[in-house]
2 protein chains.
Amino acid sequence: MADARIAALDRVLEVTVLLGRDMTTSLAAAGLTVARTTLLWRLRAAGPSTQRALADALGVSARNVTGLVDGLAEAGLVTREPHPTDRRATLVTLTPRAEALLTEMAAGRAGLAEQLFGGLPPERLDGLVSALDEVLERLRALVPDGAAS
Amino acid sequence: MADARIAALDRVLEVTVLLGRDMTTSLAAAGLTVARTTLLWRLRAAGPSTQRALADALGVSARNVTGLVDGLAEAGLVTREPHPTDRRATLVTLTPRAEALLTEMAAGRAGLAEQLFGGLPPERLDGLVSALDEVLERLRALVPDGAAS
DNA sequence: TGATATCGTGAAGGTACTTCACGGTGCAGG
DNA sequence: CCTGCACCGTGAAGTACCTTCACGATATCA
């Protein structure tokens with residue numbers, strides 16, 4: 001009984017580790033890091049944002065966002081524009097290059113999904129998704145929150 | 001078709017994020033970090049080990065292990081003993097306090113498994129585990145490897 | 001207008017990683 | 001025996017991610 005649950009946790013933990021490794025290495029090949037990429041995705045989803053908004057969305061300190069944006073700006077993936085009404089704030093905006101890169105990455109993500117789940121019959125896949133949804137619900141209740149997607 | 005697979009990937013990714021957050025915060029409450037704890041677990045599984053063996057097992061550089069062991073030694077969780085036959089090497093050994101702590105953490109892990117998977121009927125749990133096993137197999141083929149459990 | 005909150009960033013610090021260089025040691029082979 | 005090479009662990013230097021605290025500039029509200 002409990003063994004099966006621990007087995008499930010172990011599987012999930014191992015998936016976590018391997019997936020993290022895969023993400024880190026494939027992003028590194030593109031000259032990116034996980035943290036910076038997360039910011040990029042958020043920008044793509046939300047459009048030009050203040051650094052404060054990004055900090056809240058990612059669940060990190062505002063100071064940290066300054067550093068991440070510094071790196072992304074230096075890589076030419078992001079620009080700092082003046083906020084139209086609030087002169088304290090800056091609007092972080094994706095460059096066309098970043099947009100292209102993100103589109104490419106979305107394709108890569110679909111490819112990964114295909115590789116990982118392609119062999120599973122639809123019913124098992126559905127079972128997996130719904131089981132993970134229940135787990136996610138419990139998990140969300142456990143974790144004090146931090147970001148959104 | 002592809003949508004369901006991407007949905008599955010998204011679920012797995014989100015579980016990864018939340019679980020990582022949970023681990024990090026609960027370990028921090030115990031004055032530990034993920035990296036150091038991984039080393040501790042490895043020591044518990046393998047017994048006293050040289051730093052080189054730990055580096056290989058964790059998939060990190062030997063230099064990094066030096067730093068991790070430094071921190072753990074300072075926290076009184078680990079000691080450096082001379083290797084009985086090889087004077088170049090040192091044997092990293094768990095202190096009784098670390099053993100107790102690890103036992104406690106194992107209980108915590110069982111509790112987490114219970115909380116996350118307790119509501120799932122056995123058949124769905126089995127389905128989850130076997131699906132994750134298949135995914136893990138594909139994942140292992142994808143990732144250049146690094147550590148063991 | 002003046003107190004107060006907010007935006008972004010400098011300064012300082014901690015952890016987790018890396019590579020490179022180097023001293024100490026183990027282990028053959030000549 | 002002793003020389004050369006491989007291996008162990010660590011100092012030095014560097015990168016990335018993250019934090020808190022302090023501060024100047026700006027917005028806001030009474």
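In this text the structure is predicted, and so the values were computed from the model without any measurement. Chain identifiers are assigned alphabetically (A, B, ...) following the order of the sequence lines, protein sequences preceding nucleic acid strands; residue numbering begins at 1 within each chain.
Remark: R52(A) is in phosphate contact with dC7(C), judged by side-chain N or O atoms under 4.0 Å from OP1 or OP2. Put simply, S61(A) has a side-chain N or O that comes within less than 4.0 Å of OP1 or OP2 on dT19(D). Between T33(B) and the phosphate of dT15(C), there is no side-chain N or O to OP1/OP2 separation shorter than 4.0 Å. Listed pair R63(B) / dT19(C) fails the phosphate criterion, with no side-chain N or O lying under 4.0 Å from OP1 or OP2.
Spacing between atom CG of L27(A) and atom C1' of dC17(D) amounts to 15 Å, rounded to whole angstrom units. Rounding to whole angstrom units, CZ of residue R21(A) and C1' of dT18(C) are separated by 16 Å. Atom CG in L39(A) sits roughly 15 Å away from atom P in dA16(D) (whole-Å rounding). Going from atom CG of L58(B) over to atom P of dG9(D) covers 13 Å, rounded to whole Å. Atom CZ in R80(B) sits about 15 Å away from atom P in dC8(D), given to the nearest Å. Distance CG (D86(B)) to C1' (dG9(D)): 11 Å, rounded to an integer number of Å. Atom-to-atom, CG of D70(A) to P of dC7(C) comes out at 18 Å; the value is rounded to the nearest Å.
Distance from the side chain of N64(B) is smallest to dT18(C) among dT18(C), dA27(D), dT15(C). Side-chain proximity of V60(A) to dT19(D), dG9(D), dG8(C): nearest is dT19(D). Each of dC18(D), dG26(C), dG9(D) was ranked by its minimum atom distance to the side chain of R87(B); first place goes to dG26(C). Closest approach to the L68(B) side chain among dT26(D), dT25(C), dA16(C) is made by dA16(C) (side chain taken as heavy atoms from C-beta onward). Among the nucleotides dC18(D), dG9(D), dA27(D), the one closest to any side-chain atom of R88(A) is dA27(D).
In terms of heavy atoms, G76(B) sits closest to T95(B) at O-OG1, 2.9 Å. Pairing each heavy atom of F117(B) with each of R5(A), the nearest pair is CD1-O, 3.7 Å. Summarising the geometry of T24(B) relative to V34(B), their closest heavy-atom pair is OG1-CG2, 4.0 Å, with the distance given to 0.1 Å.
When each of A62(A) and T85(A) is assigned the nucleotide of DNA chain D bearing its nearest heavy atom, the one mapping closer to the 5' terminus is A62(A).
Looking only at side-chain heavy atoms (C-beta outward), L40(B) and L32(B) come within less than 4.5 Å of each other.
Checking S130(A) against R11(B) by side-chain atom types alone, no donor-acceptor pair falls below 3.5 Å.
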